[in-house]
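Read the structure below first, then the notes.
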Amino acid sequence: MTIDLRSWTGALAAFLSGILAAVALTNPARMRWPVTEPQSKIDQWISSQSTSVVVGAIVAVGACAYLQHRGSRRRAWAFVYSGVVVLILIRFLAAEEVGLDLLSVLGFAKTIAAGLILGGAVAASWDSRLGRNLLIIGVVSTWLAAQSSTGDLIPVSTSSIGEPAWALLLLTLICAVACAVTDDSELRISESEPGVAAAALAVVTGLAITQRILSSVVDRQENPPTFSGWLVMVASTVAVLTLTWFCVRRLDTTSGSGGFLWAATAVGAAATTVFADLTDRFFLDGDRTSPLVIAALAIIAVVFGLSRSRHRDRTIAGLALLAAIPLSEWIFDGEHELALLLRIVTLGLGSGLLLGSVLPSNPVAATLGLTIPFTALVFMSIGQHEIETVSSTYVRHDPSSTYLQDESGLRAYVDATAPDAAFRAEAATIAYAYEAPPRSDGAALLMCVVVVATGIALRRRSPVDTPSPD
């Protein structure tokens, strides 16, 4: 049995690219950063993070459309390693003490680079079943696991989960360069159906911008929400579903791939309450499961789901699992760690079953679908926690000082060269997200309705089933 080293390298590059793109596009509403900027700048900085994700999603679809038009896999891998180089530079710059204005610029550069990576990886690997499946596993499982990162006080970063690890950056860079160098120029990216690229770009732009605008409206509602606040949230959800319906019809007229858009919307809605409970863990005492363990569980669940949907339509099974996740909020809450892990596994399994059953043959449509969970900002705003800034006190570490005590949240240091000196501490503002329990039950019911509605729309689509990419 011979091993095709080139194919395996491409599959590994696709997997790592999916992980890296997901890490760069994920920015949970959970922050504990010491910042000393004025309140207005803090608000602008927080707002820019969601906007940058929208820009990254649009870039991803645009990059994939361009690469499919050009047809060169080598150029696609060049997009990937160029994006990785940008992320490496951003990691170097973010390590320095920079102001929030520059940090916002770096945040946009980061998501644009992530868009190049995701679009390039999809274009280069979608025609390969192994590469395609590993790419989906990398994106979906990382999107699930990244939300579980602990909320300890961290240095200022472009994301609340920090910058991508050096090992991930370097491995992705090496694999992408290797794929670009060893690429067979005779193997071209499959041509797109007429009108698919324009339709996908219009859809991702319209959906992402609408989600961003409506999420900002939802975020401004009182907490706990009043009757008018719930009307705003329900109306925003209906608006998103209505726009998605029009977008699916547009995609179906060009490529018949609108089902993947419905499936990705269902996945984003089902994950809302799970992500809220993962955020709650930050405020709870006691041991928490390592994010690496959660990542492993998510990968296994998504792999199993994709494998089970390979030869048989598992749409109903996937939808049933996803609909059950918000309903389980009425039985378990974030304090039950084992139940939370089971819900994460169920979410990964349901996502794999559903997405694997409606995979589109066109890579541009696939890129569009893979960006939906990251841009489902209205769902996250409904289920997640509002962003607030509070005044707190912390100590900026001084190399000439020695740690002395930690009482009542105030860390004190004393100068090692002058033991009798008074304690020194600096006041700053810590931005973080807080829990909003009264919203959880209503949000769970609303997200269950969204999953059911997307399931009905998915099953009632007039076009024939999406052709298999195989």
Query raised in the report: Does the side-chain contact (heavy atoms from CB on, under 4.5 Å) test come out yes or no for Thr272 and Ile382, once each step is laid out?
Result: CA-CA 8 Å; Thr272 298; Ile382 293 174; 5.6 Å; no

Quick one: pull up [atom1] in [X] and [atom2] in [Y] and give me the separation to the nearest 0.5 Å.
X: Leu354; Y: Phe260; atom1: CG; atom2: CZ; result: 9.0 Å
X: Leu353; Y: Thr315; atom1: CG; atom2: OG1; result: 9.0 Å
X: Leu106; Y: Asp101; atom1: CG; atom2: CG; result: 11.0 Å
X: Arg75; Y: Ser82; atom1: CZ; atom2: OG; result: 11.0 Å
X: Lys110; Y: Leu93; atom1: NZ; atom2: CG; result: 13.0 Å
X: Thr375; Y: Ile372; atom1: OG1; atom2: CD1; result: 4.5 Å

[X] vs [Y] side-chain heavy atoms within contact, under 4.5 Å:
X: Val452; Y: Leu319; answer: no
X: Trp143; Y: Phe275; answer: yes
X: Ser50; Y: Arg212; answer: yes
X: Cys247; Y: Leu207; answer: yes
X: Ile112; Y: Val55; answer: yes
X: Phe379; Y: Val240; answer: yes
X: Gln49; Y: Val53; answer: no
X: Leu368; Y: Leu251; answer: yes

If you take all heavy atoms of [X] and [Y], which pair is closest and at what distance?
X: Ala14; Y: Leu135; result: O-CD1, 3.3 Å
X: Ala323; Y: Val451; result: N-CG1, 3.7 Å
X: Ala109; Y: Val86; result: O-CG1, 4.1 Å
X: Gly369; Y: Pro373; result: O-CD, 3.4 Å
X: Met380; Y: Gly268; result: CE-O, 3.6 Å
X: Ser351; Y: Val140; result: CB-CG1, 4.1 Å

Could you tell me whether the side chain of [X] and the main chain of [Y] form a donor-acceptor pair under 3.5 Å?
X: Arg91; Y: Pro164; answer: yes
X: Trp262; Y: Ala453; answer: no
X: Thr205; Y: Ala202; answer: no
X: Thr26; Y: Val23; answer: no
X: Thr142; Y: Val139; answer: no

Under 3.5 Å, is there a donor-acceptor pair linking the side chains of [X] and [Y]?
X: Ser257; Y: Asn362; result: no
X: Arg132; Y: Ser125; result: no
X: Arg343; Y: Thr273; result: yes

Requested in this report: For the pair Val54 and Leu377, evaluate side-chain contact (heavy atoms from CB on, under 4.5 Å) and give the outcome as yes or no after the intermediate values.
Outcome: CA-CA 9 Å; Val54 169; Leu377 301 175; 4.0 Å; yes

Report task. For Trp77 and Val177, run side-chain contact (heavy atoms from CB on, under 4.5 Å): C-alpha distance rounded to whole Å, both residues' side-chain angles, the deciding distance at 0.1 Å, then the answer. Result -> CA-CA 7 Å; Trp77 289 120; Val177 171; over 6 Å; no

Requested in this report: Test side-chain contact (heavy atoms from CB on, under 4.5 Å) on Leu349 and Val302 and set out the steps.
Outcome: CA-CA 5 Å; Leu349 177 59; Val302 176; over 6 Å; no

Requested in this report: State which residue, out of Leu297, Thr346, Val293, fulfils the side-chain contact (heavy atoms from CB on, under 4.5 Å) condition with Leu341.
Outcome: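 In the set Leu297, Thr346, Val293, the residue that makes a side-chain contact (heavy atoms from CB on, under 4.5 Å) with Leu341 is Leu297.
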
